[in-house]
Amino acid sequence: MLKALIFDVDGTLADTEKDGHRVAFNLAFKAANLSWHWNERCYGDLLAVTGGKERMRFYAEQYDPAFLAQKNAHQIIIDLHARKTRYYVELLSQGKIPLRPGVERLLNEARAAKLTLAIATTTTPENVTALIENTLGAAAMNWFQCIGAGDIVPEKKPAADIYEYVLKRLNLSAKECIAFEDSENGTLSAQGANLATIITTNDYTLDHNFKDAVLVLNQYGEANNPATVITGKMTKPYLDLASIRAIHEAKCPAI
């Protein structure tokens, strides 16, 4: 029986990457008098590296090795990431990063059905809180029984650590849950924890490999804003809880 829905955040709940995190990174670089600037194409390539601090280190290794030669480079990256988070939260507070179509409806359907909600993400806890509170309200943080985020586990996606952490906290098996992702790294992470996975693509992940996902859509959709099915089957023009239950039962027969 399906008992829990586990959601990624960036790109899944909201299109946060291009017009949120990328913009915030560039603001942080400018404020620190760094010459770095990540355009849309560059940032799309950098998304292959999960985690903001890890992404900055990778960029420096490739394009600015002198930066890493500084004795305090590690601390500078930590400080840059903290500054970037503040800019990101500010963008959210200005209402510039809305939820993707169908997200709020789907969360409310799950709550009405008494299903457990959880989050498994590589972004920071602060970013999760900012997105949820600025789109759904402060009380919505209580909708999620477990929020696995940031550096809480040793290895970030595509490692399965964050999903295994959430499953352990929920005290549920993978067969009792379904994951929601938007990227290949996220899919590998969820499937590494043996979770059936539903994908919603975005501009940065259209060409990712989702061959093992149970359903791939362009968005969850609404009655007046239908979803496009890329792979898999769905009988309605939008993803609802009944469809999710049917997909889960087909993938994970009742145990």
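The residues of the chain are indexed from 1 along the displayed sequence. What you see is a predicted model, and the numbers here were worked out from it, not measured in a lab.
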>> So does Leu241 get a backbone contact from the side chain of Glu109, meaning a donor-acceptor N/O pair under 3.5 Å?
In response: yes

> Are any side-chain N or O atoms of Asn134 and backbone N or O atoms of Ala130, one a donor and one an acceptor, separated by less than 3.5 Å?
Replying inline: yes

> What are the two closest non-hydrogen atoms of Leu80 and Ala28, and how far apart are they?
Replying inline: CD2-O, 3.8 Å

> Taking it one step at a time, do Tyr165 and Arg169 satisfy side-chain hydrogen bond (donor to acceptor under 3.5 Å, both in side chains)?
Replying inline: CA-CA 6 Å; Tyr165 169 86; Arg169 290 290 301 271; 2.5 Å; yes

>> Could you measure the distance from the CG atom of Asn171 to the NZ atom of Lys3? Nearest 0.5 Å is fine.
In response: 9.0 Å

>> Under a plain distance cut-off of 3.5 Å, with no hydrogens placed, do Glu126 and Thr129 share a side-chain donor-acceptor pair?
In response: no

>> Counting neighbours of CD on Glu155 that are heavy atoms of other residues, nucleotides or ligands and sit closer than 6.0 Å, is the number greater than 12?
In response: no

>> Would His248 and Val214 count as a side chain to side chain contact (heavy atoms under 4.5 Å, CB included) here? Give the steps.
In response: CA-CA 8 Å; His248 179 266; Val214 293; over 6 Å; no

Please table the atom pairs, donor to acceptor, closer than 3.5 Å between any side-chain atom in residues 217-232 and protein atoms at least two apart or in another chain.
{"from": "Asn218", "atom 1": "OD1", "to": "Thr228", "atom 2": "N", "distance (Å)": "2.6"}
{"from": "Gln219", "atom 1": "NE2", "to": "Asn225", "atom 2": "O", "distance (Å)": "3.1"}
{"from": "Gln219", "atom 1": "NE2", "to": "Asn225", "atom 2": "OD1", "distance (Å)": "3.1"}
{"from": "Gln219", "atom 1": "NE2", "to": "Pro226", "atom 2": "O", "distance (Å)": "3.3"}
{"from": "Glu222", "atom 1": "OE1", "to": "Arg105", "atom 2": "NE", "distance (Å)": "2.8"}
{"from": "Glu222", "atom 1": "OE2", "to": "Gly102", "atom 2": "N", "distance (Å)": "3.2"}

> Closest heavy-atom contact between Leu68 and Ala60?
Replying inline: CG-CB, 3.7 Å

> In a check of side chain to side chain contact (heavy atoms under 4.5 Å, CB included) between Ile147 and each of Thr121, Val166, Val128, which one passes?
Replying inline: Val128

>> Can a side-chain donor-acceptor contact be found between Thr205 and Asp182 if the only test is distance below 3.5 angstrom?
In response: no

>> I need the minimum non-hydrogen distance between Leu239 and Ser243, along with the two atoms involved.
In response: CD1-CB, 4.0 Å

> Is there a side-chain hydrogen bond (donor to acceptor under 3.5 Å, both in side chains) between Glu176 and Ser173 once you walk through the steps?
Replying inline: CA-CA 5 Å; Glu176 295 172 301; Ser173 71; 3.2 Å; yes

>> Testing the basics here: between Tyr163 and Ala179, what is the closest heavy-atom pair and its distance to 0.1 Å?
In response: CE2-CB, 3.9 Å

> Is there a donor-acceptor pair closer than 3.5 Å between any side-chain N or O of Asn39 and the backbone N or O of Cys42?
Replying inline: yes

> Between the side chain of Thr187 and the main-chain N/O of Ser183, is any donor-acceptor distance below 3.5 Å?
Replying inline: yes

> Are the side chain of Arg100 and the backbone of Asp15 linked by a donor-acceptor contact shorter than 3.5 Å?
Replying inline: no

>> Could you tell me if the side chain of Leu195 sits less than 4.5 Å from the side chain of Leu167, heavy atoms only?
In response: yes

> Can you check side-chain hydrogen bond (donor to acceptor under 3.5 Å, both in side chains) on His21 and Lys84, steps first, answer last?
Replying inline: CA-CA 8 Å; His21 289 297; Lys84 171 259 173 183; 2.6 Å; yes

> According to a 4.5 Å side-chain heavy-atom criterion applied to Ile, Leu, Val, Met, Phe, Trp and Tyr, with indirect links allowed, do Leu13 and Leu91 form part of one hydrophobic cluster?
Replying inline: yes

> Nearest heavy-atom pair of Tyr88 and Ala24: which atoms, and what distance?
Replying inline: N-CB, 3.6 Å

> Using 30° and 60° as the class limits, which term best fits the ring planes of Phe25 and Trp38: parallel, tilted or perpendicular?
Replying inline: tilted

>> Under a 3.5 Å distance rule, please check whether Gln70 uses its side chain to pair with a backbone N or O of Phe67 as donor and acceptor.
In response: yes

> Can any side-chain N or O of Asn185 pair as donor or acceptor with the backbone N or O of Ala48 at less than 3.5 Å?
Replying inline: yes

> If you take all heavy atoms of Ile97 and Ala14, which pair is closest and at what distance?
Replying inline: CG2-CB, 4.2 Å

> Do NZ/NE/NH1/NH2 and the carboxylate oxygens of Lys157 and Glu181 come within less than 4.0 Å?
Replying inline: yes

>> If I take atom CG from residue Leu188 and atom OG1 from residue Thr50, how far apart are they, to the nearest 0.5 angstrom?
In response: 10.5 Å

> Mind checking whether Phe180 and Phe7 have parallel, tilted or perpendicular rings, split at 30° and 60°?
Replying inline: parallel

>> Whether Asp79 and Arg83 form a salt bridge (side-chain N of Lys/Arg under 4.0 Å from carboxylate O of Asp/Glu) is what I want to check.
In response: no

> From His37 NE2 over to Arg22 CZ, what is the distance, rounded to the nearest 0.5 angstrom?
Replying inline: 6.0 Å

> How long is the span from the CG atom in Leu136 to the CG atom in Leu131, to the nearest 0.5 Å?
Replying inline: 7.5 Å

>> Please report the interatomic distance SG(Cys177) to CG(Leu2), rounded to the nearest 0.5 Å.
In response: 7.5 Å

> Charged N to carboxylate O under 4.0 angstrom, Asp203 versus Lys18?
Replying inline: yes

>> Once rounded to the nearest 0.5 Å, what's the spacing between atom CD1 of Ile178 and atom CD1 of Ile6?
In response: 10.0 Å

> Asn127 and Thr124: side chain to side chain contact (heavy atoms under 4.5 Å, CB included), yes or no, with the steps?
Replying inline: CA-CA 5 Å; Asn127 287 344; Thr124 66; 3.2 Å; yes

